[in-house]
Amino acid sequence: MTSPSSSPSSASLFARLGRLWRHRWTDEADVRRALPAELLERLTRRVAASERRHSGEVRICVEAGLPLSYLWRGAPARERAIMLFGKLRVWDTEHNNGVLIYLLLAEHAIEIVADRGIDAHVDAEQWAAMAQRMGAAFREGRFEDGLTQALEEVSALLVAYFPLAEGQADRNELPDAPVVL
């Protein structure tokens, strides 16, 4: 006979409550500790420098925890990243070559969402490997290193597939500053 505390529905309930607790407990202060204002400014400059080398657009978005509506229905971080990809208009670039780097601190989740123009050139394993390298740096508390490395890797792909022509200036289609939610 199974005890009530070990039933699958109890385990599921405890998992959901644990997830809810992590997301409500992780807040703006955690984001500021991981990404202080001076780091956000350096990342803004790095995104701007990157975009002077190609026609793509890169957005970095950091969120402490998912909104309650996502938690209530058990939505994964990827779903939120895709929604923010649209909301931040990363999809709305002339060459369909925008890339969103999304961090969800409560789950230590990293999602890279790429528009169809660049995604046609890069396979899912490359994006996943990039996210894994970022995750390794983050686990060691090296947020700046992880984000800088990811930005450099994304930039290299955009330069390879969407380089600016000689003398061509980048038309900055989206803000360069990281978004903190």
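Keep in mind the model is a prediction, meaning the values are calculated, not measured.
None of V99, I118, D115 except one satisfies the side-chain contact (heavy atoms from CB on, under 4.5 Å) rule with T93; the exception is D115.
Between F162 and H121, the ring planes lie perpendicular to each other; the angle is over 60°, past the 30° to 60° tilted range.
Using a 4.5 Å cut-off between side-chain heavy atoms of Ile, Leu, Val, Met, Phe, Trp and Tyr, with links allowed through other members, L157 and L151 fall into the same hydrophobic cluster. Following chains of ILVMFWY side-chain contacts shorter than 4.5 Å, one cannot reach V31 starting from L104, and the two form parts of different hydrophobic clusters. Put simply, L88 and V47 are part of two different groups of oily side chains (I, L, V, M, F, W, Y) that touch within less than 4.5 Å, one to the next. In the hydrophobic clustering of ILVMFWY residues, with side-chain heavy atoms under 4.5 Å counting as a link, I82 and V154 come out apart. Put simply, L158 and F85 are part of two different groups of oily side chains (I, L, V, M, F, W, Y) that touch within less than 4.5 Å, one to the next.
Salt bridge present: R73 and E79 bring a charged side-chain N and a carboxylate O closer than 4.0 Å. At a threshold of 4.0 Å, the pair D119-R116 does not count as salt-bridged, since none of the basic side-chain nitrogens sits closer than that to a carboxylate oxygen.
Distance CZ/R133 to CD/Q149: 6.0 Å, rounded to 0.5 Å. Between C61 atom SG and I101 atom CD1 the span is 11.0 Å, to the nearest 0.5 Å. Atom CG in L105 sits 11.0 Å away from atom CG in L66 (nearest 0.5 Å). Separation of atoms CG (L174) and CZ (R89) is listed at 8.5 Å; rounding is to 0.5 Å. Rounding to the nearest 0.5 Å places CG of L39 at 14.0 Å from CZ of R32. In this structure, CH2 in W91 is found 14.0 Å from CG in L100, a value given to the nearest 0.5 Å.
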- Query: Going through the checks in order, is the side-chain contact (heavy atoms from CB on, under 4.5 Å) test met by V113 and R78?
  - Reply: CA-CA 8 Å; V113 183; R78 181 78 179 172; 3.8 Å; yes
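Checking side-chain atoms of E111 against main-chain N and O of A81 turns up no donor-acceptor pair under 3.5 Å. The closest donor-acceptor contact from the side chain of R59 to the backbone of P175 lies under 3.5 Å. At least one donor-acceptor pair under 3.5 Å links the side chain of E173 to the backbone N or O of E94. With hydrogens and angles disregarded, no donor-acceptor distance shorter than 3.5 Å links the side chain of E140 to the backbone of A137. For the pair S50 (side chain) and R46 (backbone), a donor-acceptor distance under 3.5 Å is absent. In this structure, D123 contributes its side chain and E125 its backbone to a donor-acceptor pair below 3.5 Å. Judged by distance alone, with hydrogens and angles left aside, the side-chain atoms of E57 form no donor-acceptor pair with the main-chain N or O of V90 at under 3.5 Å. H95 places no side-chain N or O within 3.5 Å of a backbone atom of N97 that could act as its donor or acceptor partner. A donor-acceptor pair under 3.5 Å is absent between the side-chain atoms of R142 and the main chain of M134, judged by distance alone.
Counting heavy atoms from C-beta outward, Y102 and L181 have side chains that stay 4.5 Å or more apart. Considering only heavy atoms from C-beta on, F138 comes within 4.5 Å of L147 through its side chain. Between L40 and V62, the closest side-chain pair of non-hydrogen atoms is not below 4.5 Å. The side-chain heavy atoms of V179 and L84, taken from C-beta on, include no pair separated by under 4.5 Å. With contacts defined as side-chain heavy-atom distances shorter than 4.5 Å, the pair L35/P178 does not qualify.
Here the shortest heavy-atom pairing between M130 and A150 reads SD-O, 4.0 Å. In terms of heavy-atom proximity, E107 sits nearest to A77 at OE1-CB, 4.4 Å.
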